[in-house]
Amino acid sequence: SPEKGEKLKAQFQKEHPNSQLEFEIVHDIATEGAFNEVLKNHPEITDVLHTASPFSFGLNKDLKEAYWVPATQGTKNVLEAIKAYAPQVKHVVITSSFAAIVNREKGGDETFIHTEETWNPITWDDVDGEAKAYTASKKLAEELARKFVRDENPNFTLTTVNPPYVFGPQKFEDSLVNPNLNTSAEIVNKLLSSSPNDTHFFEQPFGTSVDVRDVALLHVLPIENDELAGKRLFPTQAAFNGQVLLNIINKEFPELNGKIAKGSPEGAEEKVKETETFYDTSKTLKWAGIKQWIPLEQTLKDAVSQILTFRKAK
């Protein structure tokens, strides 16, 4: 919306006073030709980042309309518009997801290692709820993008970034004004509102995570380094469950003692292994020239510290 655009522009300019950030409104990325005018009107665009399609559980819409259409049609529309109206574009980076990689049936199986080459076997016929609809939509959108580049042989290169749950601090602190944060960040936010009397084992949520700053970096590197063309970048810092997150928060922030839940701290790491999807991201680290991913402890420390500081200042 114009309001969000103006707010982002003001935030960005505060940090970078000499910046020349502009924005255009695309009302519905799934509408045919949605990006045509933007690319016609801005011949200065040489690189495109197509980030995640609109997503939030509990949309109360038809699953295909809520997930499959924006993910696949949005991707198709932006690629077609670039090919037709922006031959000067050299690099396209698409935010895919670990959902396009993960084989859910292999949770807890140490012999099955997820890598940059692994594809989720899900099809749309397997969809029976929101979680699978989201997963299938991300896989199908990435497949579509890669097929488009193979078949159409456009002027641009394609790189995808496939993160799992994305944790970490907000880029601009006033994003914390919202009572609810985005889907992944809200997991940490909710733990900070948990009852100090809650002693159950926080089994949910569980999965694998990565720091938002590493995800952001992987979107920029393919613009600067042509050797990342065609690559599937898979950043992952750690497997977790709710109890692991709580244990780290309670350890790093003793001032929260008696203010948030401790849950049932024993055996959290062991419990993770029962559902963990095992992975190897060494190729991505090597391609990107990164020594290691930001550790989960650091990510939580930075995210929680930002939230607590913001709350104190209110």
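A quick note: this is a predicted structure, and the numbers were derived from the prediction, not measured.
Two residues are said to be in side-chain contact when any heavy atoms from C-beta on lie closer than 4.5 Å; Val89 and Asn155 fail this criterion. Side-chain contact between Leu79 and Phe156 is present, with heavy atoms from C-beta onward closer than 4.5 Å. No side-chain heavy atom of Gln298 sits less than 4.5 Å from a side-chain heavy atom of Asp211. The shortest side-chain heavy-atom distance between Tyr67 and Glu130 falls under the 4.5 Å cut-off. Within the 4.5 Å cutoff, side-chain heavy atoms of Lys301 are placed close to those of Phe253. Taking the side chain as every heavy atom from C-beta outward, Arg311 and Ile307 approach each other to under 4.5 Å. With a 4.5 Å cut-off on side-chain heavy atoms, Arg146 and Thr160 count as touching. A heavy-atom distance below 4.5 Å is not found between the side chains of Asp126 and Thr135.
A donor-acceptor pair under 3.5 Å is absent between the side-chain atoms of Glu252 and the main chain of Glu297, judged by distance alone. Without hydrogens or angle criteria, Ser194 side chain to Ala261 main chain gives a donor-acceptor distance under 3.5 Å. Between the side chain of Thr31 and the backbone N or O of Ala34, no donor-acceptor pair lies under 3.5 Å. Side chain of Asp47 to main chain of Leu49: no donor-acceptor pair is present (N/O by atom type, distance under 3.5 Å, no hydrogens or angles). A donor-acceptor distance shorter than 3.5 angstrom exists from the side chain of Asp214 to the backbone of Ile294, with no hydrogens or angles considered.
No continuous path of hydrophobic side-chain contacts links Leu218 to Leu296 [ILVMFWY only; heavy atoms under 4.5 Å]. Residues Ile45 and Phe35 fall within the same hydrophobic cluster, defined by Ile, Leu, Val, Met, Phe, Trp and Tyr side chains chained together at heavy-atom separations under 4.5 Å. At a threshold of 4.5 Å between side-chain heavy atoms, the hydrophobic network of Ile, Leu, Val, Met, Phe, Trp and Tyr places Val272 and Leu191 in one connected group. With hydrophobic clusters built from ILVMFWY side chains whose heavy atoms lie under 4.5 angstrom apart, Val244 shares a cluster with Ile249. Both Val212 and Leu221 belong to a common hydrophobic cluster when Ile, Leu, Val, Met, Phe, Trp and Tyr are linked at side-chain heavy-atom distances under 4.5 angstrom.
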Should Asn162 and Arg232 be marked as a side chain to side chain contact (heavy atoms under 4.5 Å, CB included) after you check the CA-CA gap, both sets of side-chain angles, and the distance that decides it?
CA-CA 7 Å; Asn162 295 64; Arg232 206 170 181 224; 3.5 Å; yes
(message) Working note: Asn250 + Ile260, criterion side chain to side chain contact (heavy atoms under 4.5 Å, CB included); need CA distance, chi angles, decisive distance, verdict.
(response) CA-CA 8 Å; Asn250 278 298; Ile260 67 168; 3.8 Å; yes
Before you tell me yes or no, could you show the steps for Phe278 and Phe112 under ring-ring contact (aromatic ring centres under 6.0 Å, His included), namely the whole-Å CA-CA distance, both residues' side-chain angles and the distance that decides it to 0.1 Å?
CA-CA 7 Å; Phe278 293 89; Phe112 190 93; over 10 Å; no
Stepwise salt bridge (Lys or Arg N to Asp or Glu O under 4.0 Å) check, Lys83 with Glu80: CA-CA 5 Å; Lys83 185 169 188 283; Glu80 285 181 344; over 6 Å; no
Quiz item: Does the side chain to side chain contact (heavy atoms under 4.5 Å, CB included) test come out yes or no for Leu245 and Phe167, once each step is laid out?
Solution: CA-CA 11 Å; Leu245 301 181; Phe167 295 146; 4.3 Å; yes
| Under the side chain to side chain donor-acceptor pair (under 3.5 Å) criterion, do Asp302 and Ser305 qualify, and how do the steps go? | CA-CA 5 Å; Asp302 293 345; Ser305 180; over 6 Å; no
Which is it for His114 and Thr208 under the side chain to side chain contact (heavy atoms under 4.5 Å, CB included) test, yes or no, and what are the steps along the way?
CA-CA 12 Å; His114 294 80; Thr208 49; over 6 Å; no
Practice problem: Apply the test side chain to side chain donor-acceptor pair (under 3.5 Å) to residues Asp280 and Ser282: give CA-CA distance (whole Å), side-chain angles for both, the deciding distance (0.1 Å), then the verdict. | Solution: CA-CA 6 Å; Asp280 177 358; Ser282 56; 2.8 Å; yes
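The minimum heavy-atom distance between Asn120 and Ala99, with the atom names listed, is ND2-O, 2.9 Å. Shown here for Ile122 and Ala136, the closest heavy-atom pair between the two residues is CG2-CA, 3.9 Å. Of all the heavy atoms in Ala71 and Ala141, the pair that sits closest is O-CB, 3.4 Å. Minimum interatomic distance between Val210 and Pro164 (heavy atoms only, all atoms of both residues): CG1-CD, 3.7 Å. Nearest heavy atoms, Val69 versus Ala30: CG1-CB, 3.6 Å. A pairwise comparison of heavy atoms in Ile29 and Pro70 identifies CD1-O, 3.6 Å as the closest pair.
Between Lys147 and Glu143 there is no salt bridge, since no side-chain nitrogen of the basic residue lies less than 4.0 Å from a carboxylate oxygen of the acidic one. Between Glu6 and Lys9 there is no salt bridge, since no side-chain nitrogen of the basic residue lies less than 4.0 Å from a carboxylate oxygen of the acidic one. Between Glu274 and Lys271 there is a salt bridge, since a side-chain N of the basic residue sits under 4.0 Å from a carboxylate O of the acidic one.
Within the model, atoms OG1 of Thr284 and CD1 of Ile290 stand 8.5 Å from one another, a figure rounded to the nearest 0.5 Å. Once rounded to the nearest 0.5 Å, the distance linking CG of Asn225 with NZ of Lys231 reads 9.0 Å. Annotation: the span from Thr281 atom OG1 to Phe98 atom CZ amounts to 10.5 Å, rounded to 0.5 Å. Atom CZ of Phe240 is separated from atom OG1 of Thr275 by 9.5 Å, given to the nearest 0.5 angstrom. Rounded to the nearest 0.5 angstrom, Glu227 CD and Thr159 OG1 are separated by 11.5 Å. Taken from CD in Glu269 to CD in Glu276, the straight-line distance is 9.5 Å, to the nearest 0.5 Å.
Other residues, nucleotides and ligands contribute over 12 non-hydrogen atoms within 6.0 Å of the NZ atom of Lys40. In the displayed structure, Glu105 atom CD is contacted under 6.0 Å by at most 12 heavy atoms of other residues, nucleotides or ligands. Within a 6.0 Å sphere centred on CD of Glu44, other residues, nucleotides and ligands contribute more than 12 heavy atoms. In Lys7, the NZ atom is crowded: over 12 heavy atoms of neighbouring residues, nucleotides or ligands sit closer than 6.0 Å.
Ring geometry, Phe234 versus Tyr279: the interplanar angle exceeds 60°, so the pair is classed perpendicular (tilted spans 30 to 60°).
Among the candidates Asn257, Thr199, Asn247, the single residue satisfying the side chain to side chain donor-acceptor pair (under 3.5 Å) test with Lys262 is Asn257.
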